[in-house]
Amino acid sequence: MNLQDKFERPLRDLRISVTDRCNFRCPYCMPAEIFNERYQFLPKPHLLSFEEITRLTRIIVRLGAVKVRLTGGEPLLRRDIEKLVAMLSALEGVDDLAMTSNAFLLPEKIDALKAAGLRRLTISLDTLDDEVFRQMNGGRSGVDKVLEGIYAAEAAGFSPLKINAVVQRGVNDHTLVELARFFKERGHILRFIEYMDVGNMNDWKMEQVLPSAEIVAIINDEMPLEPVSGNYFGEVARRYRYADGGGEIGLISSVTQPFCGSCTRMRLSPEGQIFTCLFATEGVNLRDPLRDGASDEALEAIIRGAWGARIDRYSEIRSSLTPDVRARRKKVEMYHIGG
Ligand code: SAM
Ligand code: SF4
Ligand code: SF4
């Protein structure tokens, strides 16, 4: 019998955050005022080695997580990341190996990633307006650099790409149609993500969330959409296709239409903790037992215990919490466990 949590949700996906560092400072994720020169990132010895990540992944895949995604922080900042890709792609039972990246370093890495067995890529790009984009990444990159990464990925055969765009009311909402049109024409799948209250650093306010229903209406006015039915269990994006047959978009509406009931994701942090929710307040430490010589069976028992005890459904209860209670909840940060 497959591993299930307290709400009978199976374990299907593993997201591995390979570093807590990033070359961007998106204010909704790693605000530059906090993540400055004085900020203490994890020291190298605390990070899981590629061998340690691969061993834990092998165990977690055996428990059902057939889809694996590398994320961060910015995964391309982890030195020789393609070696980890090669190690993971050789594991039995991994049906899908993907990466989420801001694409800044992609042109120099893409061929090695492809050769190592990376199957799919998600690239984050919130807008095509250079000024707005700089505001949304802490002034670290122009749109041109990300587009170079996208073109390099296309040339290496990663098509269609998924493109993630966080939407913030009053920041990039006036640029969504242009973004949708661009990716429709290039045949990639754009996914709009409602701005979320991950972590405690981004000073999230409900007023800054543009509900997915409004996003769909904005795009539909210019380029008519129709819903795609038949999504698989555990799929987080609601899908719409263009009525003219020219591709599709996705909406990740974790604020206005939570999908906890079908959430099948486990997250592994750079220093070897597992988290059963993006909004978790604490994780379960696997690194210490691992480095103390625990057997695969012992590690598996810890992982089974964590998933078996899982009752997370934060997005479903978010709106019942007062802003005060939400602010006091000490959540793990997005850059720490990936999107
Ligand atoms: N650095 C990589 C990147 O940006 O693609 C991978 C890690 S990043 C944490 C993963 C995804 O989370 C990105 O697509 C990013 O836009 C999204 N994200 C970060 N903070 C968010 C927030 N507060 N609300 C919604 N999405 C967020
Ligand atoms: Fe870095 Fe990605 Fe977070 Fe932006 S969203 S700060 S690129 S980890
Ligand atoms: Fe999954 Fe937690 Fe997000 Fe709900 S709030 S969908 S349980 S990660």
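Numbering starts at 1 and runs along the sequence shown. Just follow the structure's listing: the first ligand is 1, and inside any ligand the first atom is 1.
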Item to complete: Have a look at ligand 1 and work out which part of Thr100, if any, has a heavy atom under 4.0 Å from it: side chain, backbone, both or neither.
Response: both
Worksheet item: Is Met196 in contact with ligand 3, taking contact as a heavy-atom separation below 4.0 Å?
Response: no
Fill in: Residues Arg21, Glu74: salt bridge by 4.0 Å N-O rule
no
Practice prompt. Mark up the atoms of ligand 1 that fall under 4.0 Å of a heavy atom belonging to Tyr195, in ascending order.
Written response: 23 (N), 24 (N)
Practice prompt. Starting from atom 8 (S) of ligand 3, find the nearest protein heavy-atom neighbour and note its residue, name and distance.
Written response: Leu278 N, 3.2 Å
Item to complete: Considering the heavy atoms of Phe259, write down every atom of ligand 3 situated less than 4.0 Å from one of them.
Response: 6 (S)
Discussion item. As a check for students: among Gly73, Ser101, Gly72, identify the option with a heavy atom nearest to atom 1 (N) of ligand 1.
Written reply: Gly73
Worksheet item: So does Glu82 pair up with Lys114, basic N to acidic O under 4.0 Å?
Response: no
Worksheet item: Any salt bridge between Arg186 and Glu154, counting N to O under 4.0 Å?
Response: yes
Worksheet, complete the sentence: A student checking ligand 3 against Tyr314 at a 4.0 Å heavy-atom cut-off should list atoms 5 (S)
Worksheet, complete the sentence: At under 4.0 Å between heavy atoms, what of Cys22 touches ligand 2? The answer is side chain
Worksheet item: Hey, which atoms in ligand 3 end up nearer than 4.0 Å to a heavy atom of Arg267?
Response: 8 (S)
Discussion item. Give me the nearest non-hydrogen protein atom to atom 7 (S) of ligand 3 as residue plus atom name, then the distance to 0.1 Å.
Written reply: Asp312 O, 3.6 Å
Worksheet item: Is the NZ or CZ atom of Arg318 positioned over Phe279's six-membered ring, under 6.0 angstrom from the centre and within 45° of the axis?
Response: yes
Worksheet item: Can Asp173 and Arg169 be counted as an ion pair, charged N to O under 4.0 angstrom?
Response: no
Worksheet item: For residues Asp197 and Tyr28, is any side-chain donor paired with an opposing acceptor at under 3.5 Å?
Response: no
Worksheet item: What atoms of ligand 2 come within less than 4.0 Å of a heavy atom belonging to Asn102?
Response: 7 (S)
Fill in: Check: Leu106 and Leu76 side chains under 4.5 Å, non-hydrogen atoms
yes
Worksheet entry | Test side-chain contact (heavy atoms from CB on, under 4.5 Å) applied to Arg9 and Gln4, Arg265, Arg310, the passing residue | Arg310
Worksheet item: Between Ser262, Gly261, Cys260, Cys277, which one has a non-hydrogen atom sitting closest to atom 2 (Fe) of ligand 3?
Response: Cys277
Worksheet entry | Lys/Arg N to Asp/Glu carboxylate O, Lys184 vs Asp244, below 4.0 Å | yes
Discussion item. Side chain or backbone, does Ser124 bring an N or O within less than 3.5 Å of an N or O on ligand 1?
Written reply: yes
Fill in: Proximity flag Gly72 to ligand 2, non-hydrogen atoms under 4.0 Å
no
Worksheet entry | Pi-cation contact, Phe50 with Lys83 (under 6.0 Å, within 45°) | no
Discussion item. With heavy-atom distances below 4.0 Å as the criterion, list the atoms of ligand 3 near Phe279.
Written reply: 5 (S)
Worksheet item: So, is Cys263 placed with an N/O/S atom under 2.8 Å from atom 1 (Fe) of ligand 3, counting both backbone and side chain?
Response: yes
Fill in: Contact atoms of ligand 1, heavy-atom distance to Glu194 under 4.0 Å
25 (C)
Practice prompt. State plainly whether the residues Asp96 and Arg120 are in salt-bridge range, i.e. N to O under 4.0 Å.
Written response: yes
Discussion item. Need the ligand 1 atom indices (1-based, order shown) with element for anything under 4.0 Å from a heavy-atom of Glu74.
Written reply: 1 (N), 2 (C)
Worksheet item: Does any N or O atom in Cys29 lie less than 3.5 angstrom from one in ligand 1, N or O only?
Response: no
Worksheet item: Which of the atoms of ligand 1 are close to Asn102, meaning less than 4.0 Å from one of its heavy atoms?
Response: 2 (C), 3 (C), 5 (O)
Item to complete: Please could you name the atoms of ligand 2 that Cys26 approaches to less than 4.0 Å, counting only its heavy atoms?
Response: 4 (Fe), 5 (S), 6 (S), 7 (S)
Worksheet, complete the sentence: For Thr71, the atoms of ligand 1 under 4.0 Å from one of its heavy atoms are 6 (C), 7 (C)
Fill in: Under-4.0 Å salt bridge between Arg55 and Asp296
yes
Worksheet item: Is the closest side-chain donor-acceptor distance between Asn172 and Asp129 under 3.5 Å?
Response: no
Item to complete: Using a strict cut-off of 4.0 Å, indicate which atoms of ligand 1 neighbour a heavy atom of Asn164.
Response: 14 (O)
Item to complete: Number the atoms of ligand 3 from 1 as they appear, then name those within less than 4.0 Å of a heavy atom of Ser315, with their elements.
Response: 5 (S)
Item to complete: Enumerate the atoms of ligand 1 whose separation from the nearest heavy atom of Ile193 is less than 4.0 angstrom.
Response: 25 (C), 26 (N)
Discussion item. Using every non-hydrogen atom in the two residues, find where Ile123 and Ala153 come nearest and quote the distance to one decimal.
Written reply: CD1-CB, 4.4 Å
Fill in: Salt-bridge contact Arg241-Glu226 (side-chain N to carboxylate O under 4.0 Å)
yes
